[in-house]
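Everything numeric in this text was worked out from a predicted model, so none of it was measured.
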Amino acid sequence: MRPRTGLAAINFFLADVAGGLGPFLATWLAGAAHWSPERVGIVLTVIGLAGIAFAGPAGALVDALGCPRLLLALGTLIVAIGTLALLPARHLAPVLVSQIAVAAAAALIAPALTALTLGIVGKETFPAQQGRNQAWNHAGNVVASVLIAWLAGTIAGISAFWVFSGMALASGIALLTIRRSDVDIDRARGRTAGAPHVTLTSVLTDRRVLLVCVGLMMFHLSNAAMLPLLGQRMADVGHGNATRWLAICVIVAQLTMVGVAAATAWASMRIARSWLFLIPCLVLPVRGAMAAFAWAPEWLLPIQVLDACGAGLLGVSLPILIADYTWGSGHTQTALGVANMFQGVGAALSTTVGGVL
């Protein structure tokens with residue numbers, strides 16, 4: 001199998017693995033474990049804080065060790081074990097331990113996958129490959145969601161665990177198809193031969209990197225709470241099928257993101273890449289204005305299509321911009337980890353600020 005084909009398979013199967021159970025975690029703890037909303041909230045908060053805390057160090061670890069294949073395999077294995085450990089767990093301590101481990105491993109997967117891609121394809125074709133990576137990732141999310149919904153009719157709450165386990169195994173097999181010789185370690189770190197030494201401090205204080213980090217935090221501060229708040233509104237005004245509408249919206253958004261990722265890969269080679277960051281920021285106020293007047297559930301669909309155009313484009317473009325701004329330093333994945341940390345801070349604050357407003 002060609003390395004790029006292996007990358008496609010890894011991204012497809014990692015779609016349902018990188019974040020553990022994700023949105024199904026709260027449902028599992030409340031339904032199978034009979035937890036109160038307060039206990040579920042504690043776990044979700046701790047997971048969010050752990051993800052933020054581990055994001056920067058995870059990127060630095062990828063740069064320091066220079067073995068993205070091994071770290072990606074390790075991260076996938078830890079997420080799989082930590083998630084499957086939820087099946088017998090009913091008490092707070094084991095659930096917290098397992099999910100903190102999942103958060104740490106998930107923080108490692110993102111920079112390791114970016115490093116693996118850079119190490120295989122190099123800087124020049126990285127933007128196009130990053131778009132393809134994200135397209136396959138969103139396609140995997142769609143397939144996983146459909147499988148979980150289909151299996152839920154026969155095996156109820158544990159359908160997510162079955163799908164998760166299968167995709168984790170498949171991602172490990174796909175990773176084995178990429179040989180060590182296929183990956184250039186210097187390119188994976190963002191280092192070029194003969195480039196002058198660049199300190200980590202100078203990379204992290206680069207004005208462009210700082211602006212991306214702050215802009216990313218503000219974007220997710222504005223964006224992350226929007227769909228949960230809309231779901232609450234639908235439930236409050238008596239739409240009994242609000243959950244079904246939200247599930248449909250997730251699938252529609254993921255399908256739209258496949259097209260957005262492909263379009264971004266094409267555009268990244270033809271326009272100024274700063275527009276890849278500016279366009280999502282222009283789309284977000286339009287989505288917010290539509291959400292302010294959305295009372296019928298049908299409004300959720302165009303709102304989520306706009307989310308796919310905004311957040312989806314940003315997800316593709318972030319590693320591209322960080323690679324552009326840090327190339328030659330050898331600290332590309334560290335800078336990406338710090339950017340992911342700012343993103344996590346914005347998303348974590350968003351639901352609180354949105355609830356207060």
Does Ser202 reach the main-chain N or O of Val198 with its side chain, forming a donor-acceptor pair under 3.5 Å?
no

Indicate if Phe342 and Phe54 have the same hydrophobic cluster label, given that clusters are the connected sets of ILVMFWY residues with side-chain heavy-atom separations under 4.5 angstrom.
no

Between Met269 and Pro127, is there a side-chain heavy-atom distance shorter than 4.5 Å?
yes

Arg189 and Val62: CA distance, side-chain angles, deciding distance, side chain to side chain contact (heavy atoms under 4.5 Å, CB included) verdict
CA-CA 8 Å; Arg189 291 174 167 140; Val62 173; over 6 Å; no

Find out whether Thr256 and Gln304 are in side-chain contact, i.e. whether some heavy atom of one side chain is under 4.5 Å from a heavy atom of the other.
no

When you group the ILVMFWY residues by side-chain heavy-atom contacts below 4.5 Å and let the links chain together, are Ile52 and Met217 in the same group?
yes

Thr114 OG1 to Gln130 CD distance, which is reported to the nearest 0.5 Å:
6.0 Å

So Leu118 and Trp327, do their side chains get closer than 4.5 Å, heavy atoms only?
yes

Heavy-atom closest pair, residues Leu336 and Pro111:
CD2-CA, 4.3 Å

Closest heavy-atom contact between Ala174 and Ala9?
CB-CB, 3.7 Å

Can you name the closest pair of heavy atoms from Leu318 and Ala339 and give their distance?
CD1-CB, 4.1 Å

State, yes or no, whether a side-chain contact exists between Phe164 and Val79 at a heavy-atom distance under 4.5 Å.
yes

Could you pull out the closest heavy-atom pair between Gly131 and Ala261, with the gap in Å?
O-CB, 3.4 Å

CE/Met218: more than 12 non-hydrogen atoms of other groups inside 6.0 Å
no

Separation between CZ of Arg132 and OG1 of Thr117, rounded to the nearest 0.5 Å:
10.5 Å

Between CE of Met290 and CG of Asp307, what distance do you get to the nearest 0.5 Å?
12.0 Å

Kindly indicate whether the side chain of Leu7, heavy atoms from C-beta on, has any atom under 4.5 Å from the side chain of Trp136.
no

Does some side-chain heavy atom of Ile320 sit less than 4.5 Å from a side-chain heavy atom of Phe126?
yes

Single-linkage hydrophobic cluster Leu301~Met257, side-chain heavy atoms < 4.5 angstrom
no

Kindly say whether Val95 contributes a backbone atom to a donor-acceptor pair with the side chain of Ser98 at under 3.5 angstrom?
yes

So Leu72 and Ile10, do their side chains get closer than 4.5 Å, heavy atoms only?
yes

Look at atom CZ of Arg270 and say whether more than 12 heavy atoms of other residues, nucleotides or ligands are closer to it than 6.0 Å.
yes

When rounded to the nearest 0.5 angstrom, what distance separates CH2 in Trp266 from CD1 in Ile271?
8.0 Å

Spell out, yes or no, whether Val43 and Ile78 are grouped together once hydrophobic residues are joined by side-chain heavy atoms under 4.5 Å, including indirect joins.
no

Qualifying residue, where the test is side-chain contact (heavy atoms from CB on, under 4.5 Å) with Val283 and the options are Leu314, Leu278, Leu306
Leu306

Distance check, rounded to the nearest 0.5 Å: Leu74 atom CG versus Ile109 atom CD1?
9.5 Å

Less than 4.5 Å apart, side chain to side chain, heavy atoms only: is that true for Asp206 and Thr326?
no

Quick one, Leu175 with Thr76, criterion side chain to side chain contact (heavy atoms under 4.5 Å, CB included). Give me CA distance, side-chain angles, the key distance, then yes/no.
CA-CA 10 Å; Leu175 189 59; Thr76 303; 5.8 Å; no

Can you list the steps and then say if Leu276 with Val316 is a side chain to side chain contact (heavy atoms under 4.5 Å, CB included)?
CA-CA 9 Å; Leu276 301 180; Val316 177; over 6 Å; no

Distance from Ile322 atom CD1 to Thr332 atom OG1, nearest 0.5 Å?
8.5 Å

Is it possible for you to say whether Leu108 and Leu113 belong to one hydrophobic cluster, with membership spreading through side-chain heavy-atom contacts below 4.5 Å?
no

Nearest atoms (heavy-atom pairs only) where Pro68 meets Ala115
CB-CB, 3.9 Å

Quick check: closest heavy atoms across Phe219 and Gly310, and the distance to 0.1 Å?
CZ-C, 4.0 Å

Any side-chain to backbone donor/acceptor pair from Asp63 onto Gln333? Under 3.5 Å, distance only.
yes

Walk me through whether Gln134 and Val260 qualify under side chain to side chain contact (heavy atoms under 4.5 Å, CB included).
CA-CA 9 Å; Gln134 289 298 305; Val260 169; over 6 Å; no

Arg287 vs Asn223, test: side chain to side chain donor-acceptor pair (under 3.5 Å). Steps then yes/no.
CA-CA 9 Å; Arg287 181 178 182 239; Asn223 186 69; 2.6 Å; yes

